[in-house]
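Since the structure comes first, as C-alpha cells, the remarks are kept for the end.
So that the names make sense, note that chain A is the first sequence line, chain B the second, and so on, each numbered from 1.
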Amino acid sequence: MSRYAMVIDTRLCVGCMDCVVACKTENRVPEGYNRDWITEELRGVYPDVRLEIRSERCNHCDRPPCVSCCPTGASHVHRGGVVLVTHDQCIGCKACIAACPYDARFVHPDGYVDKCTFCIHRVEKGLKPACVSVCPTHCMHFGDLDDPQSDVSKLLASRPHHALIPESGARPHVFYLT
Amino acid sequence: MTTLSRRSFLKIGTATILAKAGLESLDAFGVPAPSKVERIPTFCDICFWKCNAIASVRDGHLWKIEGNPADPLCQGRLCPRGTGGIGAAGDPDRLKRPLIRTRERGEEMWREVSWDEALAYIAERMKAIAVEHGPESMALFSHGLGGTFLKHTWKAFGSPNIAAPSFAQCRGPRDTGFELTYGEGIGSPERTDIENARCIVLIGSHLGENMHNTQVQEFSKAVHAGATVIVADPRFSVAASKAKHYLPVKPGTDMALLLAWMHVLVTEKLHDAEFVAAHGHGFESFAAHVARFTPEWAYPETGIEPDVIRETAREMARHKPATLVHPGRRVNWYGDDAQRARAVALLNALLGNWNRKGGFYTPAMMDVPSYPYPDYPKPARPRLDNPDKRYPFAGEAITTGIREATITGKPYPIKGWMVYATNLLHSLPNEKETLRAIDALDLLVVIDVIPSEIAGYADVVLPESTYLERHDDLNVELFKQPFVALRQPVVKSPDDQKPNWWIARELAAKLGLASYFPWNDIEEYLRYRVKGAGLDWETLKREGIVLGPKQPIYQEEGLESEFPTPSGKVEFYSNQLEAAGFDPMPVYQAPDPGPPGSFRLLFGRAPVHSFSRTHSNRLLSDAMPENALWLNADVARRYGLKSGDKVRLRNQDDVLSNPIAVKATQRIRPDCVYMVHGFGHTSRGLRHAFGKGASDSQLVTRYKTDPLMGGTAVNVNFVTLEPEI
C-alpha cells in the first residue's frame, strides 16, 4: 500500500505561482479557475515581520468530508489515499464544496466539481505532480508516507511542520515545513 | 500576491446539463487521457533569460511547455512566466495582420494590409528619409535576441543608431560601475555564483519576485544550505522573509549604507588584505576616504542602527570570499547609480570574491562563427545618442539620447523609428517626451506580438510570430557551462504573423539590400553557424541544446584573474573618473526628500509578468490580473484605507493614475509606496489588460540622468493618494 502526501518547505517558497500556472497547463484548467493557489501569512509590525508563503491545494485528507457527504459516490478515495471526483457521476450538488474545510473545490464550467488530483495520471507513470516538477525553488516534495525512506517521510521525521486547520479532523495530507 | 477565486457557485446551473460535452479527452477523474503528444525543444522568450524548454503539442495543439533537463540555466524547471508562455501564442488580443494607420497617431485606427504593401510602404519612406536626411536619420529600438536580423538590416541601410532600453533604463549603471572598477561588466545571465555563496547581500534586489530563473533557483539552494541572507530594502520583500538580517533602509540612501559597511570592513581590518594588496589600485586613498563614513554617520541618513551596520558587515567578512553582494539588475534609481554600483563593486572587492566560488565567476562561451555577410557601409555620421561623449562611460547606446535628438533635431535629425519588441511608452521615462519625439517623425514602425501602447502610435504595425512559432538566431550562452541553443517553431502562427528574420530580410529586399541576406531561409543561416562551430545540426534540432566543454570559471579551478582597467588592477581609486571630472571614489548625496505629505513612488517586478508584455497572456493574467499599491498599514489606517480600496495617485506634476487597489501592509516603510511595473494598459487593442491596475510609467514624469553613463533614474517621483469614490 502507499499513502501519498505533499510536503512543502515554506522556508524556500517564494510564492512565484509557478505551481499554479503549471497545474493549469498540465490539467488544462479553464481560464478563471485554478486547482492550487498561494497564501501569504504575515505576522508582526514593520519592520519586525515574519512571512510564511504557502502553496495550497486539496489536502487529500484521510477522513475526507467531501467524500462522506457526496450523495452519488462521485467524490471518492483512489489508490494511495488520493481524493478524486468521477466527473460523470457528479451531479453538481456542491455538498462537497460546502464540506471542504480548505475551499479546495470549484465547479468546472463543464458542470462537474473539480480540484487537485495530486496529478495521479503523472504519479501512476512514475512522475511527480506538475507543481512539484516545475517548482524553481525545489520547495515541494511528493511521495509515499508508508515508505519510511521516502523524501516526505524523512522530511516530516526531521523538520518541524504543520498542516492546515488540523482541528477540522479531516487529517490533511499536505504538510508545511517551517 | 493574488489568491484566485476558486469557487464558482453561481456558474453551475445550465452548465451541469452540458457536463458531458467536454469530457471526451478526459478520463473519469478529470485526468487528461492519453493522446498523441509531440515534444519539441526550443528556448523561452517571455523574458531575456532564454531558458531552454520542451514544448508539448497534443493532437496538434499547444499543451504545455516545460524546462529542458539538459539546460544548465533552468535545470529542467521554467519560471511561472515560462510555464505560462503558451498563453502568448493563444492570446486572442494578438496582432494578426499588418496594419497601416488611417487616422491620427494614437487613435488606434488602422486598415489591414498585405505584408507586401506594408513593407513597400515602409521601404519607400525609409528611402525618402535617407535621400533627404541620410540613412542615419532612421533609428532602431530593439530589445532582445529577436532583433538580431533587424539590426543587420539597419546596419546594411547605413544607420548606426540602434539602442535598447536594457542599458540606460535598466542594467547600464551596474555594468558601468563594475567596468570602472574591475574592467568588466556583470553581463546577463549575471556572473554571480549565488549557489555557492555562504552570505548573500541584496540591496533593493528582490530575487524571488524578480524571477530570473537561475538566480532564484540558486538563491533557494543557498538558503537551503544555510547561507546567511542580508536584505536592505524599503520594502520587506520575499527575499527579506528568507533573511537573517532585514535592514529597512530609507529609499535613496544605499550609498551611505555601502560606505558605512566599507568603513567597518576597512577600519576593523576585516577585508581581504591579500586580495587588496595583490590586485587593488589606490587602496590607501580609499581607506582614508571611507574613514569618515562611520555607522554613526550613516544612521540618520539610512535609518539603520550603527550596531546593525557593524554586525552585518562582520557577518559579510566572516564568510568571505563566499560573500556575494548582489549587483542587482535594473538599478536606474536615483541618478548616481553608476557610482552606487561602483560602491557595490568595491564592497565586493573588499570581500575578495572576484573569480571566487560563492562570488563572481568568469563565464565560459563557445566559439560560434558569425555568418559571412558583406561589409556594412560606413555611416556618414556617427551615432547621435551620446554627442561629444557627454556621458563618457556609457558602454552602450542610450535610448533617451536618441529620443532627445529626435525632439531637437541635433546633432542631426532623426526622422524615422522602428521599434522592435519594446513598449517604449512603458520602458522610457516621461511618456510626454516620447510622444513629442514621435511628433517629429515622418515614420514610426512598430513590430510586436501584441498591440502595445507604442504600437498605438505607429504608422505601420507589423505582427510578429511568437517565440513558439519562429526561429531566431542561436543563443550562444555565456554561463558557468557554455552552450548553444536553438529556438525553433513548435506550432504555426495562427494568422498572418511573420518571424522577425523574415521581416528583416523582406524589408532589406525592398530597400535594395537583398545582397545582405545571401541565405534563402533561416535554417540555412543557422546550419552554417552550427556547422562552423563543429556541432551537429540534427542533434541541436533534436535536443535543443548542445553543451560546450567545461572551463575554469574560478580561481579554485585554476583561473587567473585579469583586470582590464587602465591600472590593470581593481580600481579603488579611479584615475579615469577623476580625469573626466567625477569623484574618483564614491561619495554620498542625500536624496531629495520630496514634497511634504507625499510618498516616494517605487516599483519592481512580479514573478508572473515580464515588462508590460504579458498582461494579456490569459494564463499569466489569471495568476495576477492587476497590480496593487503597497501602502504601510499604519499610514493606510490614518487615511481610512483598507486593502482592496481603490485610490488614484497624483504625482508632483499633477499626473493622475488609473485607479489601483490598496494593499495595506506591514511590509513597507511609511515614506514610500510600491507597485509592480507594467500594468495600467491604455491600448484599446489589449482588451483583456486594458485599464487593469495603474501604470508606474505614466507617473514617472521626472528622471535624473546619470552623469557617468546617461542612465535615467526614475525613483525620484512622488505621489499623493486620492480615494476613488
Between A:L12 and chain B, which part of the residue has a heavy atom less than 4.5 Å away: side chain, backbone, both or neither? both
Need one label for A:C139: side chain, backbone, both or neither, based on atoms under 4.5 Å from any heavy atom in chain B.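 Interface part for A:C139: neither.
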Any non-hydrogen side-chain atom of [X] less than 4.5 Å from a side-chain atom of [Y]?
X: A:T117; Y: A:R35; answer: yes
X: B:W63; Y: B:V57; answer: no
X: A:V134; Y: B:E66; answer: no
X: A:Y176; Y: A:L164; answer: yes
X: A:E40; Y: A:L51; answer: yes

After noting the C-alpha distance and the side-chain angles of B:H615 and B:N617, does the key distance pass the side chain to side chain donor-acceptor pair (under 3.5 Å) rule? CA-CA 5 Å; B:H615 303 80; B:N617 174 324; over 6 Å; no
At their closest point, which heavy atom of A:A170 faces which heavy atom of A:P65, and how far apart are they?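 Closest approach of A:A170 to A:P65, heavy atoms only: CB-CD, 3.8 Å.
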Which bit of [X] comes within less than 4.5 Å of chain A, counting heavy atoms only: side chain, backbone, both or neither?
X: B:D233; result: backbone
X: B:I65; result: neither
X: B:P69; result: neither
X: B:L78; result: backbone

Against chain A, work out which of [options] has the most heavy-atom pairs shorter than 4.5 Å and name it.
options: B:C79, B:A606, B:G84, B:A240; answer: B:C79
options: B:P248, B:S241, B:G87; answer: B:P248
options: B:K64, B:Q217, B:R81, B:K242; answer: B:K242
options: B:R669, B:Q75, B:E218; answer: B:R669

Check this for me, if you would: do B:R618 and B:D91 make a salt bridge, where the nitrogen-to-carboxylate-oxygen distance has to be below 4.0 angstrom? yes
Decide side chain to side chain contact (heavy atoms under 4.5 Å, CB included) for B:F236 and B:T665; before the verdict, give the C-alpha distance in whole Å, the side-chain angles of both, and the deciding distance to 0.1 Å. CA-CA 10 Å; B:F236 187 84; B:T665 178; over 6 Å; no
Should the ring pair B:H206 and B:Y674 be called parallel, tilted or perpendicular, given that the plane angle runs from 0 to 90° and is split at 30 and 60?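 Because their plane-to-plane angle is over 60°, the rings of B:H206 and B:Y674 count as perpendicular.
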If the plane angle is over 60° it's perpendicular, under 30° parallel, otherwise tilted; pick one for A:H76 and A:H78.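 Correct class here is perpendicular.
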Go through A:R105 and A:S75 one step at a time and tell me if the side chain to side chain donor-acceptor pair (under 3.5 Å) criterion holds. CA-CA 11 Å; A:R105 295 174 161 238; A:S75 240; 2.7 Å; yes
Ranking A:D48, A:V21, A:I53 by heavy-atom pairs under 4.5 Å to chain B gives rank one to A:V21
Run the salt bridge (charged side-chain N to carboxylate O under 4.0 Å, His left out) test on A:R50 and A:E41 for me, step by step, so that the C-alpha distance in whole Å, both residues' side-chain angles and the decisive distance to 0.1 Å come before the verdict. CA-CA 8 Å; A:R50 292 180 65 83; A:E41 200 173 310; over 6 Å; no
Quick one: which residues of residues 2-10 of chain A reach chain B at under 4.5 angstrom, heavy atoms only?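 If one takes a 4.5 Å heavy-atom cut-off, the residues of residues 2-10 of chain A near chain B are A:D9, A:T10.
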Within residues 222-231 of chain B, which residues come under 4.5 Å of chain A, heavy atom to heavy atom?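 The stretch touches chain A at B:V223, B:H224.
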Residues, nucleotides or ligands: over 12 heavy atoms within 6.0 Å of A:H162 NE2: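 It does: A:H162 NE2 has more than 12 such atoms within range.
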Should the pair A:R57 and A:W37 be classed as cation-pi, given the thresholds of under 6.0 Å to the six-membered ring centre and 45° from the axis?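 Checked: cation-pi criterion not met.
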